[in-house]
Asks: 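Have a look at this one before I ask anything.
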Amino acid sequence: MTEVKIKRLDTADADFASQLDRLLAWNESEDADIHQRVIEIIGRIRREGDAALVELTSRFDNFVVDDAGALELPRDALEAAWQALPPEQAEALREAAERIRAYAERQKLESWDYREADGTLLGQQITPLDRVGLYVPGGKAAYPSSVLMNAVPAKVAGVPELVMVVPAPRGELNALVLAAAYISGVDRVFRIGGAQAVAALAYGTETVPRVDKIVGPGNIYVATAKKLVFGQVGIDMVAGPSEILVISDGRTDPDWIAMDLFSQAEHDEDAQSILISPDAAHLDSVQASIERLLPGMERAEVIRVSLERRGGMILVEDLEQAAAVANRIAPEHLELSVENPEILVRSIRNAGAIFMGRYTAEALGDYCAGPNHVLPTSGTARFSSPLGVYDFQKRSSLIYCSADGADQLGRTASLLAWGEGLGAHARSAEYRIRHR
Ligand SMILES: NC(=O)c1ccc[n+]([C@@H]2O[C@H](COP(=O)([O-])OP(=O)(O)OC[C@H]3O[C@@H](n4cnc5c(N)ncnc54)[C@H](O)[C@@H]3O)[C@@H](O)[C@H]2O)c1
Ligand SMILES: N[C@H](CO)Cc1c[nH]c[nH+]1
Ligand SMILES: [Zn+2]
């Protein structure tokens, strides 16, 4: 077994900050290249519609159809997949869906208003989005759990129309993906993926309807496409290649930690797995576990590439410094594998999801704990949050002025409008003032 070359960093090194920046950075030329390719794909979908969708699907997913209509799955295929599931899988899917729903129910934004003494009413009205596009990844692995994570909160919000896209390599789709779409109330499913699927949802084609917002995770092509179509449609966040950051106090079984790092590395060669600990001997033990366990893994090569390209082990002075480094990284998933996670969690400011304590494997959150697994990546947890019901709801402000309210507010508005030199604004307010 050859050594797995994972970068080692030490906060005591003078140039630690720049070493960390290099660990987190995407290769710039690779990044620019992907960006350019995605712009071209989006341009083709806008200009050529279905024809480009069919051609790009055959090129990237090895899935050839004569006519774009065949990219849509008939609804009875979803029901048939659900009916054919082995009972224990159906039960697991249903249990996961129920737990995701129970958590989502608590996230609902509600309408509210309040009335002032003069009868003026101010408030907020909540409306679900009309039609949402759900991206479900499927290039290298199938993600039934992502179907539930996308669709269940959308349904809780009350979105009337859910359009799902999922790549079908060689035309094949995982039965659990279809069954999950069935039980979570997805309306239409198209077998398309990557930047071309995002563009089709954003602009519409002859067969794919244009949506109001696109949500869901995907690889770097999907994440880049979502950023580029933002404005034409809403997007939830940048949910790209998966990431895990483990802070260990050195007392968790090194095999557990190695497997937690593998669990995200196995998604994609672009995934990122980082371990931080104040215990240098523990980092060595985890390295030894990685080398011993890796050959037995199903996706060993993907894990190895991911760990060697984007993985890291960071030696810190203490757990407080570990938290500071974690906040700088702002990971998608953060495991606090320590004795008192409820104390350390108070120092965490930037993380998509925080898994507290040695027993809380991140994988539980991926499937069935309840909180959403669609989470911000690439440091965007500094300003983004997990996918939730609120992503499928809009807020409109409500303002009702009584005659007395218009009289009072009109005087203030008029003064401010004249101050801005905007006469029509001022007069519009003044017309409603009672002139004595
Ligand atoms: N952040 C989250 O919440 C979250 C959740 C689940 C999965 N993920 C991530 O989703 C990703 C899934 O990736 P995947 O690849 O399996 O499926 P995917 O559906 O995201 O991507 C597959 C598509 O990528 C496109 N593609 C692949 N190579 C291309 C190329 N060279 N040029 C142009 N387009 C290309 C193809 O169109 C293909 O259909 C992983 O990175 C995983 O870590 C993230
Ligand atoms: N870890 C992924 C989110 O980054 C979600 C997932 C689905 N299946 C397995 N994992
Ligand atoms: Zn995962």
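The analysis underlying the following values was restricted to heavy atoms, covering all of them including side chains, and did not include hydrogens, waters or symmetry mates. Both counts, for ligands and for their atoms, begin at 1 and track the order of listing.
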Asks: Which protein heavy atom lies closest to atom 10 (N) of ligand 2, and at what distance to 0.1 Å?
Replies: D366 OD2, 2.9 Å
Asks: Counting backbone and side chain alike, does D366 bring an N/O/S atom below 2.8 Å of the Zn ion (ligand 3)?
Replies: yes
Asks: Going by the order shown, which atoms of ligand 1 are within less than 4.0 Å of some heavy atom of G193?
Replies: 37 (O), 39 (O)
Asks: Any chance you could lay out the salt bridge (Lys or Arg N to Asp or Glu O under 4.0 Å) test for E98 and R101, step after step, and finish with the verdict?
Replies: CA-CA 5 Å; E98 275 320 307; R101 191 184 326 277; 3.5 Å; yes
Asks: Before giving the answer on side chain to side chain donor-acceptor pair (under 3.5 Å), spell out for S396 and Q124 the whole-Å C-alpha distance, their side-chain angles and the decisive distance to 0.1 Å.
Replies: CA-CA 6 Å; S396 299; Q124 173 174 283; over 6 Å; no
Asks: Salt-bridged, D279 to R251, with N to O below 4.0 Å?
Replies: no
Asks: Run the numbers for me: atoms of ligand 1, each under 4.0 Å from some heavy atom of H267, listed by number.
Replies: 42 (C), 43 (O)
Asks: Nearest protein heavy atom to atom 19 (O) of ligand 1, by residue and atom, and its distance?
Replies: Y135 OH, 2.7 Å
Asks: With a 4.0 Å cut-off on heavy atoms, is H267 in contact with ligand 2?
Replies: yes
Asks: Under a 4.0 angstrom heavy-atom cut-off, which atoms of ligand 2 come close to S145?
Replies: 7 (C), 8 (N)
Asks: Counting non-hydrogen protein atoms only, what is the nearest one to atom 1 (N) of ligand 1? Give residue, atom name and distance.
Replies: E332 OE2, 2.9 Å
Asks: What protein heavy atom is closest to atom 35 (C) of ligand 1, reported as residue, atom name and distance in Å?
Replies: Y221 CD1, 3.6 Å
Asks: Quick one: which ligand 2 atoms are inside 4.0 Å of a heavy atom on H373?
Replies: 3 (C), 5 (C), 6 (C), 7 (C)
Asks: About how many Å separate CD of Q196 and OG1 of T205, when rounded to the nearest 0.5 Å?
Replies: 12.0 Å
Asks: Between E55 and R59, does any side-chain N to carboxylate O distance fall below 4.0 Å?
Replies: yes
Asks: Relative to atom 4 (C) of ligand 1, which among P217, P169, A142 owns the nearest non-hydrogen atom?
Replies: P217
Asks: Could you say whether the N/O atoms of Y143 and ligand 2 ever approach to under 3.5 Å?
Replies: no
Asks: Between D284 and R8, is there a salt bridge with N-O shorter than 4.0 Å?
Replies: yes
Asks: Counting from 1, what ligand 1 atoms have a heavy atom of D61 closer than 4.0 Å?
Replies: 38 (C), 39 (O)
Asks: Looking only at distance, does Y143 have an N or O less than 3.5 Å from an N or O of ligand 1?
Replies: no
Asks: Between the side chains of R358 and E339, is the shortest nitrogen-to-carboxylate-oxygen separation below 4.0 Å, so that they form an ion pair?
Replies: yes
Asks: Looking at ligand 2, is there an atom of it that comes within less than 4.0 Å of some heavy atom belonging to H333?
Replies: yes
Asks: Among all protein heavy atoms, pick out the one at the shortest distance from atom 36 (C) of ligand 1; state its residue, atom name and that distance to 0.1 Å.
Replies: F60 CB, 3.6 Å
Asks: Tell me whether K226 is salt-bridged to D236, with the criterion being a basic N under 4.0 Å from an acidic carboxylate O.
Replies: yes
Asks: Taking all non-hydrogen atoms of both residues into account, name the closest pair between T377 and P241 and its distance.
Replies: CG2-O, 3.5 Å
Asks: May I ask you to list the atoms of ligand 1 that are less than 4.0 angstrom from any heavy atom of T377?
Replies: 1 (N)
Asks: What protein heavy atom sits nearest atom 22 (C) of ligand 1, and how far away is it?
Replies: N219 ND2, 3.5 Å
Asks: Give me the nearest non-hydrogen protein atom to atom 12 (C) of ligand 1 as residue plus atom name, then the distance to 0.1 Å.
Replies: P137 CB, 3.6 Å
Asks: Give the intermediate values and the outcome of salt bridge (Lys or Arg N to Asp or Glu O under 4.0 Å) for residues D270 and R310.
Replies: CA-CA 7 Å; D270 288 331; R310 306 205 64 231; 5.9 Å; no
Asks: I'd like to check whether A195 has a polar contact with ligand 1, where a contact means an N/O of the residue lying under 3.5 Å from an N/O of the ligand.
Replies: no
Asks: Return the CD1 to CZ distance between I42 and R47, rounded to the nearest 0.5 Å.
Replies: 11.5 Å
Asks: So is G138 polar-close to ligand 1, meaning N/O to N/O under 3.5 Å?
Replies: yes
Asks: Answer yes or no for A271: is there a heavy-atom contact with ligand 1 below 4.0 Å?
Replies: no
Asks: Short list, please: which atoms of ligand 1 are under 4.0 Å from a heavy atom of P167?
Replies: 19 (O), 39 (O)
Asks: Can G240 be said to touch ligand 1, with heavy atoms closer than 4.0 Å?
Replies: yes
Asks: By number and element, which atoms of ligand 1 are closer than 4.0 Å to a non-hydrogen atom of S242?
Replies: 8 (N), 9 (C), 42 (C), 43 (O), 44 (C)
Asks: Considering distance alone, does some N or O of E332 sit under 3.5 Å from an N or O of ligand 2?
Replies: yes
Asks: Provide the number and element of each atom of ligand 1 under 4.0 Å from a heavy atom of Q196.
Replies: 37 (O)
Asks: Say whether E362 and Q264, considering side chains only, have a donor N or O and an acceptor N or O under 3.5 Å apart.
Replies: yes
Asks: Kindly confirm or rule out an N or O of D268 lying under 3.5 angstrom from an N or O of ligand 1.
Replies: yes
Asks: Does R328 pair with D21 as a salt bridge, N-O distance under 4.0 Å?
Replies: yes
Asks: Would you mind running through ligand 2 and noting each atom that sits below 4.0 Å from a heavy atom of Y367?
Replies: 8 (N), 9 (C)
Asks: Side chain to side chain contact (heavy atoms under 4.5 Å, CB included) with H267: which of D366, I244, V302?
Replies: D366
Asks: Look at the N, O or S atoms of H267, main chain and side chain alike, and state whether any lies under 2.8 Å from the Zn ion (ligand 3).
Replies: yes
Asks: At less than 4.0 angstrom from any non-hydrogen atom of V222, what atoms of ligand 1 do you find?
Replies: 20 (O)
Asks: Side chains of S347 and E320 only: does a donor on one sit below 3.5 Å from an acceptor on the other?
Replies: yes
Asks: Looking only at protein heavy atoms, which one is nearest to atom 1 (N) of ligand 2, and what is the separation?
Replies: Q264 OE1, 2.7 Å
Asks: Can you list the atoms of ligand 2 that are under 4.0 Å from a heavy atom of S242?
Replies: 1 (N), 2 (C), 3 (C), 4 (O)
Asks: So that I can tick it off, tell me whether D255 and R292 are bridged by a salt bridge, with the cut-off set at under 4.0 angstrom between side-chain N and carboxylate O.
Replies: yes
Asks: Of the choices P386, G218, G139, which has the non-hydrogen atom that lies closest to atom 10 (O) of ligand 1?
Replies: G218
Asks: Among the heavy atoms of L375, does any lie under 4.0 Å from an atom of ligand 1?
Replies: yes
Asks: Look at D61 together with R170 and state whether they make a salt bridge at an N to O cut-off of under 4.0 Å.
Replies: no
Asks: Just to confirm my output: which protein heavy-atom neighbour is closest to atom 16 (O) of ligand 1, and how far is it?
Replies: K140 N, 2.7 Å
Asks: Atom CG in N340, atom CE in M356: separation rounded to 0.5 Å?
Replies: 10.0 Å
Asks: To the nearest 0.5 Å, what is the distance between CG (L307) and CD (E266)?
Replies: 11.0 Å
Asks: Between R309 and E269, does at least one N-O distance fall below 4.0 Å, as a salt bridge requires?
Replies: no
Asks: Return yes when E243 approaches ligand 1 closer than 4.0 angstrom through a heavy atom, no otherwise.
Replies: no
Asks: With side chain to side chain donor-acceptor pair (under 3.5 Å) as the test, would you mind laying out the steps for S337 and S248 before giving the verdict?
Replies: CA-CA 5 Å; S337 202; S248 171; 4.9 Å; no
